[in-house]
Amino acid sequence: MTSIEIHDEIHTQLHETARVDYRKPIIHNASVPVLYEEALKYEKGTALTDSGALVTDSGTKKGRSPKDKRIVDEPASRNDIWWGPVNTQMTENAFMVNRERAIDYLNTRERLYVFDGFAGWDPKYRIKVRVVCARAYHALFMNNMLIRPTEAELASFGEPDFTIFNGGEFPANRYTTGMTSTTSVSINFDRHEMVILGTQYAGEMKKGVFTVMHYLMPKAGVLSLHSSANEGPNGDVSLFFGLSGTGKTTLSADPNRFLIGDDEHCWSDDGIFNIEGGCYAKCIDLSPEKEPEIFAAIRFGSVLENVVYDHASRKVDYANSALTENTRCAYPIEFIPNAKIPCVGGHPSNIILLTCDAFGVLPPVSKLSADQAMYHFVSGYTAKIAGTEDGITEPQATFSTCFGAPFLVLHPMRYAEMLAAKMQEHKADAWLINTGWNGGPYGVGKRVALKYSRAIIDGDIATREKLAKLFVEHFVSYADKASKEVIAAGPQV
Ligand code: ATP
Ligand code: MN
């Protein structure tokens, strides 16, 4: 079943649900070497690097296209959705036109790839996801990013809970109702389907699954969060919130802690769980000295997107942003040596809000009260730096509510209120960490060195408690003459 073969059950399902051509060879949950060979044989811009990673080219789109994302306006989900610029409406008919266009395109291909996997490490909440695509690159990407099923789980997979039809090499028709470009990324919650046209950027699939979890999980009383997570040797869990480029992936891969996940988590009554089976790390300026764990994860099995490499030696030039600033690598989470499998943990003790402040105003670390934590969570301040989104080439101040507005489905306050309640119930401490500029704004000051951000997170959070205690102990001798207000202005420990 995990090789290239005609597989009756999947053919029947795809034919019945999507009119996918019966005679098409379907390469279903193929092994990594098979997908490597397929990609190298059939896909332009594909190559092997000297470390064994597969280099791929995502075409003209080298980042997500948030302006081309659409959610179908249909009765079952209509009243739950936070309509607006993040969730732009699309008619059911326009969705079906796009779906048909994607499937027609897929039917013109000589071979199709299907990957079946799970989203969510907690078996209670996990969903079955199916990816149907025309590129081995996309199948391998989702093999790395979803939770890979065992042989037995695959054999009993049955019908998926959510299906992605990726016809990204083929454009949307601009005359289809509601289309404003040739790129379309659309989700229909009632049909449990996503359709991609006009972008081959694989991150759209990953974030599509995340969007679905943002719809389904809160309905099940589980909070979905744009965050990374790791666990200390004593089992204490830290969650790191932050927008793109603030350091979730980089800072969660900490040699002193166990990695639970780098981008998407859920917080249930039992603790936290990662949604994904892999990580998606930025590669620009990556070095083995600064980020040894991530550097070493770029090996056989990894998908390396849009990097420049030397054609003779096959060495990657990580400093080269000629194709995009947003060079990326997708690898299975177990490629990080201290990953925690299964990727679950207890209730978080520290909530770390990461922000990359381009104005150089915020201090490197601040302790937040519960209300301040909420304020910053709802604000979601950062500077967008060159990277994940198309068209951003220099820092730009931005606010993205819940540190993840592009992926929210319900009203932001639904997530914020759940977070406030959970933080209070589990007495989590909250911190604001500026991984951005210091000593002046962008252009004048410098970005806080990664080693300092790491040191702050690993050491200073504890040291701060120590210093605060010294303040309180020292102040005791003046307390009888000082007003209540002045005493209250000191650190609270
Ligand atoms: P995304 O949501 O797009 O995956 P992310 O929050 O995971 O974004 P990272 O991939 O960790 O962000 O990107 C942070 C980038 O900033 C990395 O390239 C890292 O090397 C760089 N960097 C520079 N200084 C710091 C710092 N002080 N803390 C964290 N990252 C830093
Ligand atoms: Mn990341």
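Counting starts at 1 for both ligands and their atoms, in listed order. For this chain, numbers begin at 1 and follow the sequence in order.
Looking at Gly247 next to ligand 1, an N or O pair under 3.5 Å apart turns up. Residue Lys207 places no N or O, backbone or side chain, under 3.5 Å from any N or O of ligand 1.
Using a 4.0 Å cut-off to heavy atoms of Ala449, the atoms of ligand 1 that qualify are 27 (N). Shown in contact with Val448 at under 4.0 Å from a heavy atom are these atoms of ligand 1, numbered in order with element: 24 (N), 25 (C), 26 (C), 27 (N). Every atom of ligand 1 is numbered from 1 in the order shown, and the set under 4.0 Å from a heavy atom of Thr246 is 6 (O), 12 (O). Atom numbering of ligand 1 starts at 1 in the shown order; those under 4.0 Å from a heavy atom of Leu450 are 26 (C), 27 (N), 28 (N), 29 (C), 30 (N). Heavy-atom contacts of Glu291 reach the following atoms of ligand 1: 19 (C), 20 (O) (cutoff under 4.0 Å). Per-residue contacts place Leu243 under 4.0 angstrom from the following atoms of ligand 1 (heavy atoms of the residue considered): 6 (O). Heavy-atom proximity to Thr250, at under 4.0 Å, picks out these atoms of ligand 1: 9 (P), 11 (O), 13 (O), 14 (C), 17 (C), 19 (C). Listed by number with element, the atoms of ligand 1 under 4.0 angstrom from any heavy atom of Ser453 are 26 (C), 27 (N), 28 (N).
Glu305 and Tyr201 form no side-chain donor-acceptor contact under 3.5 Å, judged by distance and modelled atom types alone. When only modelled atom types and interatomic distance are considered, Ser58 and Asn306 share a side-chain donor-acceptor pair under 3.5 Å. Side-chain contact check for Tyr309 and Asn320: no donor-acceptor pair (N or O, by modelled atom type) lies under 3.5 Å. Judged purely by distance below 3.5 Å, without hydrogens or angles, the side chains of Ser184 and Asp68 never pair a donor atom with an acceptor atom.
Here Arg148 pairs with Glu334 in a salt bridge; the nearest charged N to carboxylate O distance falls below 4.0 Å. A salt bridge is absent between Lys124 and Asp269; no separation between the charged side-chain nitrogens and carboxylate oxygens falls under 4.0 Å. A salt bridge is defined here as a Lys NZ or Arg NE, NH1 or NH2 lying under 4.0 Å from an Asp or Glu carboxylate O, and Arg130 with Asp161 fails to meet this definition. A salt bridge is absent between Lys422 and Glu417; no separation between the charged side-chain nitrogens and carboxylate oxygens falls under 4.0 Å. Between Lys282 and Glu325 there is no salt bridge, since no side-chain nitrogen of the basic residue lies less than 4.0 Å from a carboxylate oxygen of the acidic one.
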**OP:** For the pair Phe273 and Cys343, evaluate side-chain contact (heavy atoms from CB on, under 4.5 Å) and give the outcome as yes or no after the intermediate values.
**Re:** CA-CA 6 Å; Phe273 63 89; Cys343 304; over 6 Å; no
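Ligand 1 lies nowhere less than 4.0 angstrom from a heavy atom belonging to Lys290. Using 4.0 Å as the threshold, Gly245 has a heavy atom nearer than that to some atom of ligand 1. Using a 4.0 Å cutoff on heavy atoms, Ser228 does not count as a contact of ligand 1. Put simply, no part of Leu354 is less than 4.0 Å from ligand 1, judged by heavy atoms. Note on ligand 1: Arg328 sits in its first shell, one or more heavy atoms being nearer than 4.0 Å.
Contact annotation: for Leu286 versus ligand 1, there are no heavy atoms closer than 4.0 Å. With a 4.0 Å heavy-atom cut-off, ligand 1 is reached by the backbone of Lys248 and by its side chain too.
More than 12 heavy atoms of other residues, nucleotides or ligands shown are found within 6.0 angstrom of CZ on Phe300.
A heavy-atom distance below 4.5 Å is not found between the side chains of Asn166 and Glu204.
The option with the heavy atom closest to atom 3 (O) of ligand 1, from among Gly404, Ser244, Cys279, Gly203, is Ser244.
Counting only protein N, O or S atoms, 1 lie closer than 2.8 Å to the Mn ion (ligand 2).
Applying the ring-ring contact (aromatic ring centres under 6.0 Å, His included) test to Phe399 and every residue at least two apart in sequence or in another chain returns Tyr381.
Checked against the 6.0 Å centroid criterion, the rings of Tyr318 and Phe295 qualify as a close aromatic pair.
A tilted orientation is assigned to the rings of Phe407 and Phe210, their planes being inclined by 30° to 60°.
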